[in-house]
Colleague: 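Before anything else, here's the structure in question.
Nothing here was measured: the structure is a model prediction, and the numbers come from that model. Numbered from 1 within each chain, the chains take letters A, B, ... in sequence-line order.
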Amino acid sequence: MTAALTAVLASATTDPWWNRLFDFSNYGELLVLVHGSLIAGALLGLVGGLVGVFVMQRDLAFAVHGVSELSFAGAAAALLIGADVVVGSVAGSLLAAVLIGLLGARARDRNSIIGVLMPFGLGLGVLFLALYPGRAANKFGLLTGQIVSVDTARVQTMAVITVVVVGGLLLLWRPLTFAGVDPEVATARGVPVRGLSIAFMVLLGLAVAMAVQIVGALLVLSLLITPAAAATRVTASPIWVPVLAVVFAEVSAVGGILLALGASVPISPYITTISFVIYVVARQVGNARNRRGWVRRPTTLPVAEGGILG
Amino acid sequence: MSVFELDHATLAFGDRVLWSGIDLQVQAGEFITVLGPNGSGKTTLLRVALGLLPLTSGSVRVLGHPPRRGSRALGYIPQQRIVDPATPVRARDLVRLGIDGDRWGPGRHSRQARIDELLEAVGASAYGDVPIGMLSGGEQQRVRVAQALASDPAILLCDEPLLSLDLRRQHEVTALIDATRRATGTAVIFVTHEINPVLPYTDRVVYLGPGGHAIGAPDDVLTSARLTALYDSPIEVVRAQGRVLIVGDDQHVHHTHDVHHPHHAHQENP
């Protein structure tokens, strides 16, 4: 495995740059080598698409970015002290997610807290990486994504996280939606709005830690926001939004990895580009729908309303 | 049997007493309008009924029992608020949340028939599939009524549902709420700044003032003498063309001179 990769990398450096973007020679062999990454990508697509729906609902895009920087700091610290990078990444993002959940109940508070945490986390991460004596590729990968390999142990960890996050979201689905889109009435109906908000931040933290492993801290939004944002452009159905978000995230994550296979650059640009293109197309479709109107309505309303007032 | 009952109910935050010694029995199908200046504890009264806040002293009963959080005996209609048009929640989804949004899990049963029935009841069938952010304020409030009716409540708690609606929509929404209580027999406790849209339907007024409270028929409570006593300052109640205008100290009387909603001034000079 290492030999094949080294060969790819070595040949890559002498080719013109465009040859390094796509290379489908020896595709079959490479596919076997990176099946771990593909599984990881598929898991991430599922988690990213579902979590994204609630991130959109709760307007938490900025929080995702903030959590991912702390996750990066945690991963960098783990790298430095020789601990498991995934554990470090999970610890960092859970800490950030819970802090944001506890301190930032209101949107304005939340954004300023994220703005304070984010550069602090990034700065810590830079410090840990600067102190880390190992290979530069490992360092760079935490910020901008891995090149290919995800080993079996890491895939197992990601599978566990996936089960926890997806299971948690399914359990909380209805009250979480209620609290997110309609907090006043949800409170009146006895839904524990604040507790749900913190529970969701924990699930979000886990999802972010997972995404950092594949696309890197700086590009987490491409799988946790973009697919769900694209889905909400084309439909408002409570069933189709999550389904489409997951499909879009899967196409981006798995498709990106497949395209990147032979290339010698990180997989993240492929993933981010696919998810961006999907969003642009979805936006066009959504705009067309908005122009057309969502449903046909009777046009006799003004007359009827005039009658009521008399 | 009364559906809602306050017995010597007092609510205070530390030294600040919002209201004290309220005795009130609301009958099924009764329309109660709660009036009073900002900060007089109108919304707090609703929070007590919802079981979100305990009384400082006295007792409160909903259908003969102490209030319970998440009780399905209560329907809640909040004020209209701006929703981003891109929010992927349709009118029917909002109604569905009223049916089973408080239950765990993703929900296995389709509730289409019940949702259609509720939308039909409030005349919102035409826009059930439209995202709520794309509805007008009046349409949103119709959907809110359908949502609140989802649990077949014995009491509808309305918390300023007319705020930020124009005059015509205010009349439409109050007429709908009145028709609803006649059709279903639910009691209505209606907190508002706007007296006139609800006056034709109001059975009794609960007026929470800085100097105490008054409960009774609108004609008995909304008088210069009673309100002057409640405000500890001269208040004049003027009746013209079937409307009630309350004129007094602008700092205290908000329902005619609300700084946040300058368009309400039109009511005084139609």
Side-chain angles (χ1 to χ4, degrees), chain A residues 50 53 56-59 166 169-193 196 228-229 231-242 244-245 283 286 289-290 293-302 304-310, chain B residues 46-47 49-52 68-72 74-79 81 83-94 96-107 110 123 126-134 136 138-139 144 147-148 150-151 157 159 167-169 171-172 175-176:
Chain A
L50 289 182
V53 172
M56 292 293 295
Q57 213 170 61
R58 306 180 149 251
D59 203 8
V166 174
L169 285 179
L170 286 178
L171 177 68
L172 303 181
W173 199 279
R174 279 181 292 181
L176 192 61
T177 307
F178 205 171
V181 304
D182 200 2
E184 281 178 305
V185 180
T187 307
R189 285 298 295 276
V191 173
V193 173
L196 282 169
T232 58
R233 283 283 152 184
V234 290
T235 177
S237 149
I239 293 166
W240 286 108
V241 167
L244 282 182
R283 216 184 148 88
R289 181 163 193 185
N290 283 348
W294 281 70
V295 291
R296 276 177 211 289
R297 295 211 219 179
T299 48
T300 53
L301 282 174
E305 282 166 1
I308 290 177
L309 257 188
Chain B
L46 298 188
R47 288 175 59 80
L50 287 165
L52 298 173
R68 188 174 54 82
R69 237 175 225 243
S71 161
R72 299 180 74 82
L74 300 167
Y76 180 79
I77 303 176
Q79 58 176 267
R81 65 185 171 108
V83 181
D84 182 354
T87 306
V89 178
R90 301 165 305 178
R92 58 168 55 255
D93 302 329
L94 204 68
R96 158 120 206 200
L97 289 174
I99 298 175
D100 62 1
D102 53 344
R103 306 286 163 85
W104 302 110
S110 167
Y127 39 87
D129 289 327
V130 180
I132 43 170
M134 292 182 181
S136 73
E139 289 169 340
R144 287 292 187 188
Q147 184 193 35
S151 64
L157 303 175
D159 192 2
L167 199 50
R168 171 183 288 188
R169 307 286 169 239
H171 282 280
E172 247 183 76
L176 172 67

Colleague: Let's test your reading of the structure: which of B:Arg96, B:Gln79, B:Arg81 forms the most heavy-atom pairs below 4.5 Å with chain A?
Modeller: B:Arg81

Colleague: So for B:Arg68, is it side chain, backbone, both, or neither that comes closer than 4.5 Å to the heavy atoms of chain A?
Modeller: neither

Colleague: Which answer fits B:Asp84, side chain, backbone, both or neither, if we ask what part of it has an atom under 4.5 Å from a heavy atom of chain A?
Modeller: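 No part of it gets close to chain A.
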
Colleague: Is it the backbone or the side chain of B:Ile132 that comes under 4.5 Å from a heavy atom of chain A, or both, or neither?
Modeller: neither

Colleague: Might you point out which heavy atoms bring B:Gln147 and A:Asp182 nearest each other, and give the distance in Å?
Modeller: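 Closest heavy-atom pair between B:Gln147 and A:Asp182: NE2-OD2, 2.9 Å.
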
Colleague: At their closest point, which heavy atom of A:Trp173 faces which heavy atom of B:Gly105, and how far apart are they?
Modeller: CB-O, 3.9 Å

Colleague: Looking at B:Arg90 and A:Pro238, what are the two nearest heavy atoms and their distance?
Modeller: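 So the minimum-distance heavy-atom pair works out to NH2-CD, 3.0 Å.
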
Colleague: At a 4.5 Å cut-off on heavy atoms, which part of A:Val241 comes close to chain B: side chain, backbone, both, or neither?
Modeller: side chain

Colleague: Write down the atom of B:Arg103, the atom of A:Pro175, and the distance for their closest heavy-atom approach.
Modeller: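 Scanning both residues, the minimum pair turns out to be O-CD, 2.9 Å.
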
Colleague: Checking heavy atoms, do the side chain of A:Leu196, its backbone, both or neither come under 4.5 Å from chain B?
Modeller: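 It is the side chain, since no backbone atom gets that close.
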
Colleague: Any idea which heavy atoms bring B:Asp102 and A:Arg189 closest together, and the distance?
Modeller: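 Looks like OD2-NH2, 3.4 Å.
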
Colleague: What option among B:Gly98, B:Pro85, B:Ser71, B:Pro88 has the most heavy-atom pairs under 4.5 Å with chain A?
Modeller: B:Pro88

Colleague: Side chain to side chain contact (heavy atoms under 4.5 Å, CB included) with B:Pro106: which of A:Leu170, A:Leu171, A:Ile239?
Modeller: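 The option that passes is A:Leu170.
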
Colleague: Below 4.5 Å from any heavy atom of chain B, which atoms of A:Val191 appear? Answer side chain, backbone, both or neither.
Modeller: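 The side chain, not the backbone.
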
Colleague: Does a side-chain heavy-atom distance below 4.5 Å link B:Leu52 with A:Thr187?
Modeller: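 Yes, their side chains come closer than 4.5 Å.
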
Colleague: Counting only non-hydrogen atoms closer than 4.5 Å, does A:Ala186 touch chain B with its backbone (N, CA, C, O), its side chain (CB onward), both, or neither?
Modeller: neither

